Amino acid sequence: DAGVTQSPTHLIKTRGQHVTLRCSPISGHKSVSWYQQVLGQGPQFIFQYYEKEERGRGNFPDRFSARQFPNYSSELNVNALLLGDSALYLCASSFATPENSPLHFGNGTRLTVT
Amino acid sequence: QKEVEQNSGPLSVPEGAIASLNCTYSDRGSQSFFWYRQYSGKSPELIMSIYSNGDKEDGRFTAQLNKASQYVSLLIRDSQPSDSATYLCAVQGGSSNTGKLIFGQGTTLQVKP
């Protein structure tokens, strides 16, 4: 069975640009969460979606937005990119709400902002 | 005070030894605790979960939880060079209870042949 798939795997953008990251959860999983991992740190929670509804948002500016589609895939959008947005962006899926089922992470999208 | 704290290491142990990784957390209402292994350049991989006080064993791994002391640990027996990675402690539940994971910064483990 396919795991959580994320695209693209690597991305280079310029300050001020916009980026869209995509995630397909494991088949049958209804919840998607997004995390940002800066080099040398643990992942930080950005968003959580369950059944297409936003259930949680981390301490990130409004430049960050996300949505979940009817097929449970998800997009993370970041506007007006800053150098500090350079990080590994991780998507994780779970069968039910994350507090009731473990998270499975994708391989991530490495974003570099120059 | 950080919500989840780990010693960043590196922790260096010889092959075959026991590696002991520690984690403390600040939210006393936290309910679920996880250890993830992350190889360099890769995504986190869940290796252990623990929900109640005491020990939980899975192969060479043992997770220990003490909610009164707000302390979680991971023991790796018979450490192998392939265990060399960053180990992330993650905590779930607590005051927000949205299911989000709060991660520590990770402990780098080096197992030397």
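Residue numbering restarts at 1 for every chain, and letters A, B, ... go by the order of the sequence lines. Nothing here was measured: the structure is a model prediction, and the numbers come from that model.
- Taking CD of A:Gln41 as the start and OG1 of B:Thr86 as the end, the distance is 11.5 Å to the nearest 0.5 Å.
- Neither the backbone nor the side chain of A:Tyr50 comes within less than 4.5 Å of any heavy atom in chain B.
- By the criterion of side-chain heavy atoms lying less than 4.5 angstrom apart, applied directly or through intervening Ile, Leu, Val, Met, Phe, Trp or Tyr residues, A:Val4 is not grouped with A:Tyr72; the two fall into different hydrophobic clusters.
- Closest approach of B:Lys42 to A:Leu88, counting heavy atoms only: O-CD2, 4.3 Å.
- Considering only heavy atoms from C-beta on, A:Leu103 stays 4.5 Å or farther from B:Phe34 through its side chain.
- Listed by chain and number, the hydrophobic cluster partners of A:Val38 come to none, as no ILVMFWY side chain reaches under 4.5 Å of it.
- Note on B:Leu75: it does not cluster hydrophobically with B:Leu109, by side-chain heavy-atom contacts below 4.5 Å among ILVMFWY residues.
- No more than 12 heavy-atom neighbours from other residues, nucleotides or ligands sit within 6.0 angstrom of CZ on A:Arg15.
- Neither the backbone nor the side chain of A:Leu39 has a heavy atom closer than 4.5 Å to any heavy atom of chain B.
- A:Val32 shares a hydrophobic cluster with A:Leu11, A:Val19, A:Leu21, A:Trp34, A:Ile46, A:Phe47, A:Tyr49, A:Phe60, A:Phe64, A:Leu76, A:Val78, A:Leu81, A:Leu83, A:Tyr89, A:Leu111, A:Val113; the chain of contacts runs through ILVMFWY side chains whose heavy atoms sit under 4.5 Å apart.
- Surrounding CG of A:Leu82 are more than 12 heavy atoms belonging to other residues, nucleotides or ligands, all under 6.0 Å away.
- With a 4.5 Å cut-off on non-hydrogen atoms, A:Gln37 touches chain B through its side chain but not through its backbone.
- Looking at B:Gln6, there are no atoms closer than 4.5 Å to chain A (heavy atoms on both sides), in backbone or side chain.
- With a 4.5 Å cut-off on side-chain heavy atoms, B:Lys100 and A:Tyr35 count as touching.
- B:Tyr87 and B:Val13 fall within the same hydrophobic cluster, where Ile, Leu, Val, Met, Phe, Trp and Tyr residues are linked whenever their side-chain heavy atoms come under 4.5 Å apart, directly or through other members.
- Partners of B:Ser8 under the side chain to side chain contact (heavy atoms under 4.5 Å, CB included) rule, at least two apart in sequence or in another chain, are B:Gln105.
- Side-chain atoms of B:Leu88 and A:Pro43, non-hydrogen and from C-beta on, do get closer than 4.5 Å to each other.
- Within a 6.0 Å radius of CG in A:Asn107, other residues, nucleotides and ligands contribute 12 heavy atoms or fewer.
- By a heavy-atom distance cut of under 4.5 Å, B:Ser43, B:Pro44, B:Leu46 are the residues of residues 43-64 of chain B near chain A, going up by number.
- When the shell of 6.0 Å around CG of A:Asn59 is examined, it contains 12 or fewer heavy atoms from other residues, nucleotides or ligands.
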